[in-house]
Every structure is written in C-alpha cells, then in structure tokens.
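Note that the structure is a prediction, hence the values are computed from the model and not measured. Note that these values count all heavy atoms, side chains included, but never hydrogens, waters or copies made by symmetry.
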Amino acid sequence: MVATRIDTASSTARADTVADILSAFGFEPGATVSGVAAGGRFLRGEGEVIESLDPTSGKTLARVRTPSPAEYDEAVVAAQRAFSAWRQVPAPRRGEIVRRLGDTFRARKEDLARLISLENGKILSEARGEVQEVIDMCDFAVGLSRQLYGREMQSERPSHRLLEQWHPLGVVGIISAFNFPVAVPGWGWAIALVCGEDIVWKPSELTRLVSIAAQELFHAVTNGTEAEGVFGLVVGPGPSIGEMLVGDTRIPLIQATGSCRMGQRVAEAVGKRTGRAILELGGNNAVVVLDDADLDLALRAVVFGAVGTAGQRCTSTRRLILQRGIASTVVERLARAYASVAIGDPLDERTLMGPLISQRALDGFRQGLDEIQRQGGQVVFGGRVLDDRPGYFVEPTVVRSSLSMAVCSEEIFAPILHVFEVDSVDDAIAANNAVPQGLSSSLFTTNLQSAEWWLSAVGSDCGIANVNVGTSGAEIGGAFGGEKATGGGRQAGSDAWKAYMRRQTCTINYGTDLPLAQGVRFDVRD
C-alpha cells in the first residue's frame, strides 16, 4: 500500500494562486521586504537578505531583509520607550486593544490562513484553526484584563495589612517556531499586552512572511493609539538575532518555543543574566491503547496526531504503545488509514498532509528513518520521500520498534510513528515515562480504574495527560506545556499570566506602634 497522492495544480495556475495570496498583504512574488519593525514602523533592514521558500514547490516566494545590530538595538529601545507609557494604561483599556487585535484577525482570517498554508505547508483546515486560536486567545486575554487579581493575607501584627500585587515586568522577547507561526506567539503577546508588557518578536526564519503580515496587522490596530510601538519585530537567524535577544539584560523575560536543544541554550543564556524564561520545547508524545479501548476513537486520534502538520507539531504523536491483545488489529487498521491520507498541495481542500517545511526537514526524515532501521526498527507503512514532484513531500510512516532502541528517545520532527507492544497498563505507563521529554500523552480505555491510574501521581509524567483524546489539539483554556526536557513552562490558561508579571508583597502599618514579626523585640530610645 502507498499513501494517496493529489496532483498539484499546473505551474501557471499555482503561480496565480501564490500571487493572489501574497498580494492580500501587499507582497509581490520575488520582491524584497523588510523583516524589522520598531516604534510602529518598518525599518529598512540593513542585515543579510534571506529567502522565503514555498515548501510545496521549493521556489522563492520573497526575500527578507534582516536587522543589523543597530536596528536590533533600535527595536529594543523603542519597546522600552513604549513600555514606560503602556504599563500605566489601566489593564481593562489594554484589554480593549487586544480585543481590537482579535477582531482584526477575525476579519483577515482567511487571508492569513492561506498565507500560512503557502509558507508553512500545513493544510488550510489546520491553518484556519491556527488563526482561530489567536482569536480565541485574544478573547481569553480580554476577560483576563479585568482579573489580574492580587491577594490580601492576615498579618500577625496588629493594625497591619499584608497584600500581594502584580506589576508588568518590561519588554518580553518572544522566540517562536515555524510550525505555529501565529498561534504560539499569540499565546504570549495576548497575555503579555494585558499585563502591561511590550513585545520584541523573533519569529522562525522559515515563516518570515507570515510574521511580517502579522506585524502589519499589529500596526494597523495600535498606531495612533496609546499602544503604538508595543510590538517590535526582528526576523533573522538564531545564531545572531536570537543570541542577542536571549542575552539582552534589557529584556527580563524570554518566551521560547523550539527544540529541547535550543531551549537548553536559551535557558543557559537567560539564567546567566538572572532573567526569566518560559520554555515550551520538544515532545516525544505517546498514545497508549489498552485492550478495552474504543478502537475507532483511538485510530482517528492517532492518525491526526501523527500525520497532522506532517508530524511537525510539538504535540505530534510519535509513539504508539499497544496492549498485546489488540496490537495486530490496530497496526493493520492503521496501515489502511494511512493509505487513505491524501498528500499534496496544502492549498487544495482535499489534502490531508502537506509537505515538510524545508530540505533540512526532509533530510532529517531520511536520516531518522535510516537510524531507526539501523537499530532494528521495521517499516510497516510508508517511509518514502516523494521525489516524483517538487517540494519536500514524504509518506507518513509507521515502524515497529523496540523500547530498547535509543532512537525512540529522540524527537524526529517528521511523520514517523513508532509502535510498541506491552502487557499491562503499568508497563504502558513505564514506557510512556521512559523518554527525556514530557509534553503530551494519551490513554485510550473504557476502564475507569485504568484512566484514574493514568492520571494519578504514579501515572503519566507529562504536562498534558489525556484520556480518550489524542496528544494533539490543546484548548486555550488549559495551561499548555510540559515537564523534564520539554522545559517546564506553561502558556495560556489557568494562572499562566503570573509568569508575565512581577509579584510585589506590600505591608501597610495603619497604627501608631511598630511591632516586629515573629515576636522580635528591638527597643530603642532617642
């Protein structure tokens, strides 16, 4: 069996489509645009010029001028200047700006989704969902702007009031990955803005046009308001722009999304200057299917989790842990389901899986699969690079692997799914927890005891633990993030806003005596 392939449109028809998508944001095919913004305007971009590529065709979409060190500094200084005024704006009024931003994303949802599909390669349905995620996050943050609650405690000293309150930190540096070019940074900036912070955003070099388009939307909403200049953009390579950002003492908080290796570098650089970091890093996510599971439900979740975004989500399903009684049935059905996955142009509504993001990603797919086979893994389905067409297309792949294979502890950012067999729920939990990463995990069962055991303190060690729900597709109402090598940070939901602010404890004496805490006596006379 082979995966279903959808032929792309003729080169002329697709060129017209590409031009139409780019023109919605004022881009022209092959043109050179600025990737640096400060103080509510785009600067020239005096750094190197880098290309934006279409992963479906491998062709150049546009060229982007990156910031020079002086322009990077201008972006940070402009953000600092805007922060001095923005932090004094009442939080509900800051929320009003975020509401307008959400409305603007609503109005441009289809245009932005098409640009994401073009430059990122994810299918239109997923791209629309990503923009909707930003809209939902803005709605969430608007409500949050009236709920930045402090706390009052009872003081042990008479005539004293003891309370905690929260203040803005300053400029937040956001480093985002290609796979969610607007949603994940949106989780950060929507909350940061209502908390009173400004943003300097370094997006992925692979989705630079999407970030420039988003910056244009930011300017359209904030320029001429009290929020003018709260957004800065610095598109550029990680070794230069990224290193400047994480080492900059003027930026008290870095929110970074990327690989575990990248996160380690960020944590080291930020920790060295005693800054703060919110890290959402790699995942090696497992779905466990027990003998008593609803297999129809499990199968749909596994296919979407493993194949969605061509396996390039941090929450992608990478390991499938099957109880032996149903293992052969699940693998057989999985192969049939994979054969029905339509692979092709992400702008075609029939497509279920688009290309990988780049040649480097395609090479990583090849190398990862070679290493799996070298260590004893056996391909059940897929495994081929679709080199009969331009672009970076591969077949989604299922491999039978062993829990002892070292490669199974690594995150291969591609649609490769390891399958393992275990005897019991305890064995499944041990297998789930045996990898360095700890982002998302799922158990499929109809047994209440197994479900509760999975969610107990001795169950899944991941930041996200689901029952009868796949590993991929988080809602903004719940705190998102993972443990262990995944970084330990949390974004969205719950009380994640506190990570974007500084806590201040205040004691107020409204009496005429000066008692000390813990009964300490220190009497002096003048």
Run the side-chain donor-acceptor check on residues 168-194: report pairs under 3.5 Å with partners two or more places apart or on a different chain.
from, atom 1, to, atom 2, distance (Å)
Ser176, OG, Trp201, NE1, 2.9
Asn179, ND2, Gln312, O, 2.9
Trp187, NE1, Glu133, OE2, 3.0

Atom pairs and distances, side-chain donor-acceptor, residues 413-422, under 3.5 Å, sequence neighbours left out:
from, atom 1, to, atom 2, distance (Å)
His418, ND1, Ser401, OG, 2.7
Glu421, OE1, Arg324, NH1, 3.2
Glu421, OE2, Arg400, NH1, 3.1

Which pairs would a plain distance check flag for residues 253-265, meaning a side-chain donor or acceptor within less than 3.5 Å of a matching protein atom at least two apart in sequence or in another chain?
from, atom 1, to, atom 2, distance (Å)
Gln255, OE1, Tyr500, OH, 2.5
Gln255, NE2, Gln491, OE1, 3.0
Ser259, OG, Met262, N, 3.0

What donor-acceptor contacts under 3.5 angstrom involve side-chain atoms of residues 242-252, with partners at least two apart or in another chain?
from, atom 1, to, atom 2, distance (Å)
Asp248, OD1, Arg250, N, 2.9
Asp248, OD1, Arg250, NE, 2.9
Asp248, OD2, Tyr72, OH, 2.8
Asp248, OD2, Arg250, NE, 3.4
Asp248, OD2, Arg250, NH2, 2.9
Arg250, NH1, Asp73, OD1, 2.7
Arg250, NH2, Asp73, OD1, 3.0

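Applying the salt bridge (charged side-chain N to carboxylate O under 4.0 Å, His left out) test to pairs two or more places apart or on separate chains, those with a residue in residues 456-480 are Asp461-Lys484. Pairs of residues two or more places apart, or lying in two chains, that qualify as salt bridge (charged side-chain N to carboxylate O under 4.0 Å, His left out) and include a residue from residues 402-419 are Arg318-Glu411. The salt bridge (charged side-chain N to carboxylate O under 4.0 Å, His left out) analysis of residues 273-282, with sequence neighbours excluded, yields no pairs. Residue pairs meeting the salt bridge (charged side-chain N to carboxylate O under 4.0 Å, His left out) criterion with at least one member in residues 281-309, sequence neighbours excluded, are Asp296-Arg333. Residue pairs meeting the ring-ring contact (aromatic ring centres under 6.0 Å, His included) criterion with at least one partner in residues 422-461, sequence neighbours excluded, do not occur; the list is empty.
Of the possible donor and acceptor atoms, none in the side chain of Thr66 sits under 3.5 Å from a partner among the backbone N and O of Gly236. Between the Arg319 side chain and the Cys408 main chain, no donor and acceptor come within less than 3.5 Å of each other. A donor-acceptor pair under 3.5 Å is formed between the side chain of Gln375 and the backbone N or O of Val407.
In this structure, Tyr338 and Phe381 have perpendicular ring planes: the angle between them is above 60°, well past the 30° mark.
In terms of the side chain to side chain contact (heavy atoms under 4.5 Å, CB included) criterion, residue partners of Ser472 (sequence neighbours excluded) are, by chain and number, Phe304, Arg313, Thr315. Judged as a side chain to side chain contact (heavy atoms under 4.5 Å, CB included), and not counting sequence neighbours, the contacts of Ala113 are Ala127, Arg128, Val131. Residues satisfying the side chain to side chain contact (heavy atoms under 4.5 Å, CB included) test with Ala496, not counting sequence neighbours, are none.
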